[in-house]
Amino acid sequence: MEPIRQHKSYVAYDSTQILKLQEQIECISAFSDKLLVGTKQGSLLYYSVEPSADKDCKHNVQLLRYVKNFSKKPIQQMAVLADQELAIRLSDGILTLHDLVNPNFSLIKTLNKTKGASLFTLDIQKHVSQTGGVTSFVRLCVSVKKKLQTYYLKNRDFLDLGEDITVPDVPRVLSWEKESICVGCKGGYYMAHLNQQTQELFPTGKCEPLVTKIKTQDLEDPAFLLLNETQSVSCDINGETSPLQKSIRWSDVPIAIGHDEPYLLGLLPECVELKTWNVEVPPPLANLPMKAKFLAVAKSGVVFLASTEHVWILQSVPVHKQIKLLIDDKQFELALKLANITDDSEEEKKRNVHQIQTLFAFDLFHSKQFGRSMVQFLKLGTDPYEVIKLFPELVSRDSEAVSKLSDQDMENGYLALIQFLTDVRARLLKEDHDGHKSKPQLMQIIDTTLLKCYLQTNDALVAPLLRRNFCNLEETERILKKHQKYPELIVLYKTKGLHEKALDLLEKQASCEDSPLWGVEPTIQYLQSLGSEYIELILRYAGWVLESHPEDGIKIFTEEIPEVESLPRPKVLDYLLRIDNHTLIIPYIEHAIHIWKESSPTFHNALIHQYRERILANGLNDPSSQFLRKKLRDFLETSKHYQTPAILKRFPTDCMFEERALICGKDGVHEVALGIYLLVLGDYKKALQFCDTVYNQKKEGYDRVYLEMLRLLLHPPDSITGVSVPLVTPADAPDPLTMSIDLLEAHPDRIPIMEALDLLPNDVPLSKLKSFLLAGVKEAIKERRNSQLLKGLLNAQRLHLKKLKIEQESRKIVMTDVMVCPVCKKRFGNQSAFVHYPNGDVVHYSCQDKVAAK
């Protein structure tokens, strides 16, 4: 158990009484080593207070000026603008400006508009120019009843800044920063913004309101401390209380509060109580035994306090002495704040701060404040390995190493370390590392340590880490095997490119039912993700999956993801053909053709061959074969990429005649296709349907396809190419002649008359051919009429052109010696060739290109 630290209180300030006045003190103001005291009798006393070499008298106090009748009424409030050599006085309810360097503080101006004022506050913003010069922008806020008047300083005069701001009650305290004025009234606090919006904060409680402005290096914008009974609550300029800052608790209700970084001084009825601002574990500070009512911070480390008749100066104990005491007492946080405000050179200050911060970080760690410790290490830029070594079990290869921390402390420590390493990792990825170790070494250390921490705290984060890791392979592999984190081990192998190791592990774990890698799905997914670069590896390890689970395994080559689609398909096809498994080949080829739109003749030929082999293997009458024959016929009709000679060469000659007809028809061998339909299948309707399709699609030979059918009907051949069975005659028609006459009557306009008559027997009665001949005559008359019409149109066009030629030839152009070419500005000579444009312009022949260019 961590021992409880015993801290002794120490003194931050030396206090000295420097004045005892005969008049009653009403207010004080201070800057640098100067002090102004305003009295109830209206006097103003101006002192210089400097350190003294005399051991018996620590300060040399000198009255520089005493203006007895500076005001007829009590001086309520004083402020000094040293850069502008101005003093501001509030007395008798009105503000006046005075010359600070004049012996009698001569009056510069009375701000008549402020009549009835009860208090004021200043906002001073200092700006550093690019040349290093410092300029101040001063604004003044005056409370007049329930109105806030705002001014800005220009040429030692205050001018109106904007419209008055109305607040709910008469202010008793004011503090201004940027665009916000914090107002304390009897009933509560408000934030008055310069855009005329007023925001209610919270009630004051029973005590008088008290607002203290806080400016520190820790805060981007100053904050306000608002008193509520014996507690001061921090609030930002937007009126939001800050959860990052702790409230300050006083032992009694303060009369006034001052801020002298890093201390807060609360004037209590019986003493001055010291607190620290924004320190996680504040040290016990010694109180100062004095009863003061007024407070003024002159500069860093110098504070003036006053009662109604006494004035004290608080001089901070030398900062380096304070720092040493604080370090000895392990009060590093406060020591850091003091180190940042020393007068040391920037280099020395930086070195001291770094040293204290390092001690602070390690002390926080050993006191088990792991989160705060890691924040400090991150600020310091501490070598991550030095931080990791604080956890011996993370750097030891001894698996039996025992940590001195409890389980809960270890988990808290790991979580803090994870955040630290994650932040360092992000920084390293953005910039080069300047330490003694190279960036790759650091990244390896960080990621390997993160892995160990995740395994102890949240193993769900292991896989995401490994997907982008720099982990040490050997150590990470050992750790994951030890914890039986096989899926994570697969991720490691994959990110390191060790695919064979990953696939061997997957195959081994596939048969372990209690393994998260059980079954073929993990292997399938892994193979699917590899891509074409690893095609040989994919084919090697796909074998056992396809053998044990072919229907699932084929997804290795058909999944709709870019890596699978990009695989070299001919190589995959060749591999599947060597396996000789129709269950695999047909689905793969179908997927490639129908989904990926594969147009290679090799694939289209292969699919037809696979259908054919499967049909023949199962038998033509098998239900599965009938289904496949339907798919085959559809494919033969729609595909444009298979090669008919290669297909027909391996097609049977004694069966599957309809498929052969489709192939021949696709190849334009119409007589064979029609011969199969008519003389092998005896199907007149399909033959006629074939002719209709060829003619309507205007395929090659479409104008003679019906004539070819007529020839086969009237003069059938003894055999059909590629068919080894006896030919038949159609069984569903009376005889070939009747079918022929029906064909002629159905399509008289698609069959040449003379060639059809040559095919018909001489003894066919003309009466049977009446419809065909009439249709033929009508077609001939139609063609003749179209020819005559075309002839007439062409003759009319010829006459029109002839007329235009005569008109153009009849036009004359008169050329004279004074005519000038509008392009080259030269005259036309007797031998000049020229061009005449429709608009009447005439130019040299050689100048026409220039006209066109324009």
Side-chain angles (χ1 to χ4, degrees), residues 1-2 361-429 437 440-496 498 501-502 505 509 512 514-517 522:
M1 184 175 177
E2 187 74 11
F362 280 100
D363 182 69
L364 286 171
F365 182 87
H366 292 302
S367 61
K368 299 180 182 178
Q369 299 183 61
F370 303 112
R372 296 183 64 208
S373 171
M374 296 303 162
V375 170
Q376 295 301 319
F377 284 131
L378 193 63
K379 289 180 181 178
L380 288 164
T382 306
D383 185 341
Y385 188 65
E386 295 301 316
V387 179
I388 295 169
K389 285 196 298 185
L390 293 171
F391 300 87
E393 69 278 2
L394 293 178
V395 295
S396 173
R397 293 292 298 265
D398 182 8
S399 60
E400 301 300 323
V402 179
S403 174
K404 296 180 181 180
L405 298 172
S406 67
D407 291 345
Q408 186 59 54
D409 288 338
M410 183 181 292
E411 183 175 354
N412 293 337
Y414 283 166
L415 291 173
L417 180 62
I418 287 170
Q419 185 61 55
F420 168 76
L421 294 177
T422 302
D423 291 340
V424 173
R425 189 183 197 279
R427 187 188 68 204
L428 285 173
L429 290 174
K437 291 184 176 65
Q441 285 178 313
L442 266 178
M443 294 300 293
Q444 187 176 96
I445 292 170
I446 289 171
D447 279 8
T448 306
T449 305
L450 280 173
L451 170 71
K452 296 176 181 178
C453 293
Y454 287 155
L455 286 170
Q456 298 297 327
T457 58
N458 185 358
D459 58 5
L461 297 174
V462 172
L465 170 69
L466 293 174
R467 290 190 182 95
R468 51 178 176 81
N469 81 89
F470 294 88
C471 293
N472 177 275
L473 175 62
E474 179 184 351
E475 187 172 0
T476 303
E477 186 178 25
R478 178 181 60 80
I479 295 169
L480 292 175
K481 285 182 177 179
K482 174 187 172 184
H483 288 82
Q484 297 186 344
K485 296 292 183 181
Y486 297 119
E488 291 79 3
L489 190 55
I490 295 298
V491 175
L492 174 68
Y493 287 148
K494 188 171 185 179
T495 55
K496 298 296 185 182
L498 302 174
K501 272 194 166 188
L505 179 61
Q509 292 292 311
C512 302
D514 58 344
S515 170
L517 301 178

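In this text the structure is predicted, and so the values were computed from the model without any measurement.
A search for ring-ring contact (aromatic ring centres under 6.0 Å, His included) contacts involving Phe377 returns Phe362, not counting sequence neighbours. Considering only residues two or more places apart in sequence or on other chains, Arg425 meets the side-chain hydrogen bond (donor to acceptor under 3.5 Å, both in side chains) condition with Asp447. For Gln484, the side-chain hydrogen bond (donor to acceptor under 3.5 Å, both in side chains) test picks out no residue, with sequence neighbours left out. With sequence neighbours excluded, no residue forms a ring-ring contact (aromatic ring centres under 6.0 Å, His included) with Phe420. For Asp423, there are no salt bridge (Lys or Arg N to Asp or Glu O under 4.0 Å) partners two or more places apart in sequence or in a different chain. Residues satisfying the side chain to side chain contact (heavy atoms under 4.5 Å, CB included) criterion with Val375, sequence neighbours excluded, are Lys379. Evaluation of the side chain to side chain contact (heavy atoms under 4.5 Å, CB included) rule for Lys496 yields Asn469, Leu473, Leu492, Leu498 as partners, not counting sequence neighbours. Remark: Tyr486 pairs with no residue by the ring-ring contact (aromatic ring centres under 6.0 Å, His included) rule, at least two apart or across chains. Glu488 is linked by a side-chain hydrogen bond (donor to acceptor under 3.5 Å, both in side chains) to nothing, counting only residues two or more places apart in sequence or in another chain. Residues passing the side-chain hydrogen bond (donor to acceptor under 3.5 Å, both in side chains) test with Ser515 are Gln509, sequence neighbours excluded.
Using bins of under 30°, 30° to 60° and over 60° for the plane-to-plane angle, the ring pair Phe391/Tyr414 lands in the tilted bin.
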Name every donor-acceptor pair, under 3.5 Å, that has one atom in a side chain of residues 456-465 and the other anywhere in the protein, sequence neighbours excluded.
unit_1 : atom_1 : unit_2 : atom_2 : d
Thr457 : OG1    : Cys453 : O      : 2.8
Asn458 : OD1    : Ala460 : N      : 3.3
Asp459 : OD2    : Lys485 : NZ     : 2.6

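A salt bridge does not link Glu474 with Arg478: every distance from a Lys NZ or Arg NE/NH1/NH2 to an Asp or Glu carboxylate oxygen is 4.0 Å or more.
No donor-acceptor pair closer than 3.5 Å links the side chain of Ser373 to the backbone N or O of Gln369. In terms of modelled atom types and a separation under 3.5 Å, the side chain of Ser367 and the main chain of Leu364 share a donor-acceptor contact.
Residues Leu417 and Ile388 share a closest heavy-atom pair of CD1-CG1, 4.5 Å. Taking both residues in full, the closest heavy atoms of Thr495 and Arg467 are given as CG2-CA, 3.5 Å, listed atom of the first, atom of the second, then distance.
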